[in-house]
Amino acid sequence: MLDINYILENKEEVKTLLKNKGYEADIDTLCEQLVQKRAIQRSVELNKAEQNKLSKSVPQVKKEGGDVNAIFAKVKELAAENKANEDKLVVLEKEIYDVLVALPNLPDKDLLPGEKENNKPIYYYKEKPIFSFKLKDHVTLEESLGLIDYERGAKVSGAGTWFYTGLGAQLEWALLNFFISEHLKDGFTFMLPPHILNYESGFTAGQFPKFENDIFRLDLPEQFKFMLPTAETALVNYYRGEILKEEELPKKFFAYTPCYRKEAGTNRVEERGMIRGYQFNKVEMVEYTADNDSDRAFEELVNKAKTLVEKLGLHFRVSKLAAGDCSHSMARTYDIEVYLPSLDIYKEVSSVSNARSYQARRGMMRYKDSQGKVHYMHTLNGSGLATSRIFPAILEQYQNEDGSVTIPEVLRPFMGGLTVLKPIKK
RNA sequence: GGAGAAAUACCCAAGCGGCUGAAGGGGUCGGUCUUGAAAACCGAUAGUAGAUGCAAGUCUAGCGAGGGUUCGAAUCCCUCUUUCUCCGCCA
């Protein structure tokens with residue numbers, strides 16, 4: 001949620017920034033409604049004050065034997081006068097709220113306007129790997145090495161799902177363990193959140209009300225519960241409705257959860273296999289900071305995500321996203337994109353974002369500074385990392401001519417010292 | 001899932017229609033005393049959101065959340081949420 005007063009005082013800037021993000025909104029009407037709302041509110045409150053004053057005088061007047069009925073009548077009259085304005089106020093407030101709540105976050109001013117095509121790679125790690133033999137793609141490797149069973153996944157659940165089998169499950173688990181051990185080393189706090197969340201959590205994170213259709217909602221009567229699409233949604237609600245002390249910040253968390261998303265199911269070659277499923281595993285980092293500390297935290301999270309991929313020895317790049325490609329709730333996003341040789345493309349394995357106060361305003365997450373002044377916190381999140389693209393990237397980038405795949409060194413301790421995955425005989 | 005009880009400020013807790021935006025403790029902060037500390041004593045400490053104002057301030061809302069009754073609600077009524085106790089079921 002944006003600061004309504006900021007919108008009012010910086011109308012033109014807000015319009016431009018929203019446009020940069022590709023969002024059309026009638027800011028002028030919003031501001032007019034706000035001014036109107038305040039005028040009505042003022043008159044309603046003055047009337048209320050009068051009513052309160054009269055009501056309070058009743059015991060005194062009674063004691064003195066005055067006419068209490070005249071007061072009752074007067075208050076009723078005032079209340080009746082106020083009714084129309086009160087109704088108007090409720091309607092106006094709702095209208096303003098609905099617009100305000102749907103507005104995306106303002107992108108940072110240094111971001112290029114526009115969509116994906118204006119994303120800018122700002123960092124590369126290693127060169128593209130060169131192979132002297134015919135490459136296999138990740139789906140082929142997963143099957144020949146006996147790591148993933150897509151067919152039985154489809155049988156048991158449907159398209160867009162799979163079983164990790166045997167060493168495949170071990171490799172997946174090794175990745176998660178590797179990420180977890182690195183975050184622990186960095187002093188982040190390990191969290192295992194609930195996977196079924198309530199509406200308020202989706203609202204605070206910014207998924208609702210705009211993106212209610214992208215999540216798996218549980219079929220419960222009279223209750224809105226959904227499967228988390230990312231651990232961010234849970235972690236970023238941890239302090240909802242709370243006021244922390246400034247010295248408690250920053251709070252640094254990470255969590256492992258599967259992520260449940262409805263978006264799967266394209267048939268594009270790019271998204272074969274586990275590239276875009278209904279369920280994938282991810283370790284997610286979330287930081288809560290003071291409102292002047294989020295740029296530092298952003299760098300920290302980007303560096304952490306980068307370091308993980310570097311330690312895995314994979315060729316990747318970091319892209320600074322254009323305004324329109326940043327998520328709805330985010331002011332700034334950098335993607336870590338790993339290279340898939342078979343397709344010669346880069347695929348996102350981590351998205352690091354700064355929401356600034358956008359989520360904190362929605363969830364009333366604040367802190368008090370040493371002067372006792374209350375501020376909104378800043379929230380940031382970043383994958384660290386999602387496995388469903390790292391896994392294919394490892395298979396492809398580490399594949400050998402004989403069809404085997406060398407296991408990245410950092411993962412070996414988590415796989416009982418195993419160094420290579422060999423094709424299984426049919 | 002069933003049955004009961006509860007939710008008040010940083011914490012505990014009183015209050016059950018007007019004198020309560022809230023008694024009393026505890027905590028925290030400051031002071032007196034002390035070489036220093038403890039104890040004792042004295043004082044301070046009520047958040048938050050919104051409106052208005054240059055400001056001091058004033059006003060509105062607010063005792064789990066949302067509605068209602070009433071001239072007036074922490075207090076009465078309804079709905080919901082959460083917590084606790086007991087029973088059932090179960091990894």
Side-chain angles (χ1 to χ4, degrees), chain A residues 1-9 30-101 192-204 208 218-226 234 237-249 291 357-377:
Chain A
M1 198 143 58
L2 302 179
D3 180 355
I4 187 81
N5 286 317
Y6 187 86
I7 297 178
L8 197 62
E9 285 156 24
L30 181 70
C31 290
E32 279 164 31
Q33 285 178 316
L34 184 68
V35 170
Q36 201 188 343
K37 186 214 108 177
R38 283 182 178 168
I40 296 174
Q41 183 178 354
R42 193 163 150 64
S43 103
V44 164
E45 285 182 0
L46 285 173
N47 182 302
K48 264 274 180 198
E50 184 67 20
Q51 290 182 46
N52 286 345
K53 219 168 99 190
L54 284 169
S55 284
K56 265 190 192 143
S57 75
V58 166
Q60 186 61 29
V61 172
K62 240 182 200 166
K63 217 189 289 171
E64 290 162 2
D67 182 7
V68 195
N69 286 320
I71 297 177
F72 295 169
K74 179 69 185 160
V75 172
K76 273 189 174 165
E77 194 188 313
L78 283 168
E81 273 172 27
N82 224 17
K83 184 78 170 72
N85 270 340
E86 279 177 320
D87 291 347
K88 227 187 283 175
L89 193 60
V90 169
V91 172
L92 256 180
E93 274 174 346
K94 171 97 168 69
E95 280 173 8
I96 291 168
Y97 180 80
D98 286 347
V99 172
L100 193 61
V101 123
L192 289 171
H195 295 190
I196 296 171
L197 306 180
N198 58 23
Y199 185 86
E200 290 71 31
S201 294
F203 177 84
T204 295
F208 308 150
L218 269 50
D219 183 18
L220 296 169
E222 295 173 37
Q223 264 195 85
F224 195 114
K225 298 268 166 113
F226 65 103
N237 276 276
Y238 192 66
Y239 291 116
R240 169 148 47 85
E242 297 189 32
I243 302 178
L244 304 185
K245 296 193 187 97
E246 183 167 15
E247 57 264 32
E248 294 178 82
L249 298 173
D291 60 9
S357 64
Y358 186 87
Q359 294 175 323
R361 281 177 196 280
R362 296 172 84 86
M364 293 297 274
M365 298 182 286
R366 293 165 294 172
Y367 69 93
K368 204 173 262 188
D369 66 23
S370 53
Q371 260 68 256
K373 191 164 177 277
V374 174
H375 306 249
Y376 286 99
M377 298 184 215

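Chain letters run A, B, ... following the sequence lines, proteins first and then strands; every chain starts at 1. FYI, side chains are in, hydrogens and waters are out, and symmetry mates aren't considered; it's all heavy atoms of this structure.
When the C1' atom is compared between B:C78 and B:C10, the two are found 33 Å apart, to the nearest whole Å. For the P atoms, the distance from B:A73 to B:U60 is 12 Å, rounded to whole Å.
When the P atom of B:C10 is taken as reference, atom CD of A:Glu242 falls 12 Å away, rounded to whole Å. Rounded to an integer number of Å, the gap from A:Glu93 CD to B:A49 P is 16 Å. Residue A:Glu50 contributes atom CD, which lies 18 Å from atom P of B:U58 at whole-angstrom precision. For the pair A:Gln36 CD and B:A51 P, the computed distance is 15 Å after rounding to whole Å. With rounding to whole Å, A:Gln223 atom CD is found 8 Å from B:U82 atom P. Summarising the geometry, the separation between CG on A:Asn5 and C1' on B:U52 is reported as 13 Å, rounded to the nearest angstrom. Atom pair A:Leu34:CG and B:G50:C1' shows a separation of 11 Å (rounding to whole Å applied).
Qualifying side chain to side chain contact (heavy atoms under 4.5 Å, CB included) partners for A:Tyr376, counting only residues two or more places apart in sequence or in other chains: A:Ser357, A:Ala360, A:Arg361, A:Met364, A:Arg366. Residues meeting the side chain to side chain donor-acceptor pair (under 3.5 Å) test with A:Asn5, sequence neighbours left out: A:Arg38. The side chain to side chain donor-acceptor pair (under 3.5 Å) search around A:Lys74 returns none, not counting sequence neighbours. For A:Arg42, there are no side chain to side chain donor-acceptor pair (under 3.5 Å) partners at least two apart in sequence or on another chain. Considering only residues two or more places apart in sequence or on other chains, A:Glu32 meets the side chain to side chain donor-acceptor pair (under 3.5 Å) condition with none of them.
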Which side-chain N or O atoms in residues 48-56 of chain A pair as donor and acceptor under 3.5 Å with protein atoms at least two apart or in another chain?
{"from": "A:Gln51", "atom 1": "NE2", "to": "A:Asn47", "atom 2": "OD1", "distance (Å)": "2.7"}
{"from": "A:Ser55", "atom 1": "OG", "to": "A:Gln51", "atom 2": "O", "distance (Å)": "3.4"}

Could you tabulate the donor-acceptor pairs under 3.5 Å formed by side-chain atoms of residues 240-249 of chain A, not counting sequence neighbours?
{"from": "A:Arg240", "atom 1": "NE", "to": "A:Asn237", "atom 2": "OD1", "distance (Å)": "2.6"}
{"from": "A:Arg240", "atom 1": "NH2", "to": "A:Ser201", "atom 2": "OG", "distance (Å)": "2.9"}
{"from": "A:Glu248", "atom 1": "OE2", "to": "A:Lys245", "atom 2": "N", "distance (Å)": "2.7"}

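Sequence neighbours left out, the pairs with a member in residues 57-70 of chain A that pass side-chain hydrogen bond (donor to acceptor under 3.5 Å, both in side chains) are A:Gln60-A:Glu64. Under the side-chain hydrogen bond (donor to acceptor under 3.5 Å, both in side chains) criterion, the residue pairs touching residues 89-99 of chain A are A:Gln33-A:Glu95, A:Lys94-A:Asp98, with sequence neighbours excluded.
Applying the 4.0 Å criterion to OP1 and OP2 of B:U52, one finds that A:Arg42 has every side-chain N and O outside that range. Remark: A:Arg366 is not in phosphate contact with B:G47, judged by side-chain N or O atoms under 4.0 Å from OP1 or OP2.
Taking 3.5 Å as the limit, the base of B:G50 and the side chain of A:Glu45 contain a donor-acceptor pair of atoms between them.
Remark: RNA chain B forms stems of 3 or more consecutive Watson-Crick or G-U wobble pairs, all pair distances under 3.5 Å, at B:1-7 with B:81-87, B:10-12 with B:24-26, B:27-32 with B:40-45, B:48-52 with B:57-61, B:64-68 with B:76-80.
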Using nucleotides 61-66 of chain B, report all nitrogen or oxygen pairs with the protein that are shorter than 3.5 Å.
{"from": "B:A61", "atom 1": "OP2", "to": "A:Asn52", "atom 2": "ND2", "distance (Å)": "3.4"}

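Side-chain atoms of A:Arg362 do not come within 3.5 Å of backbone N or O of A:Gly202 as any donor-acceptor pair.
Taking the six-membered ring where tryptophan is involved, the planes of A:Tyr199 and A:Phe208 are essentially parallel, since the angle between them stays under 30° and well short of 60°.
Nearest-nucleotide assignment on RNA chain B puts the 5′-proximal partner with A:Val44, out of A:Lys225 and A:Val44.
Of the residues in residues 53-92 of chain A, A:Ser55, A:Val58, A:Pro59, A:Lys62, A:Phe72, A:Val75, A:Lys76 come within less than 4.0 Å of RNA chain B through at least one heavy atom, sorted by number.
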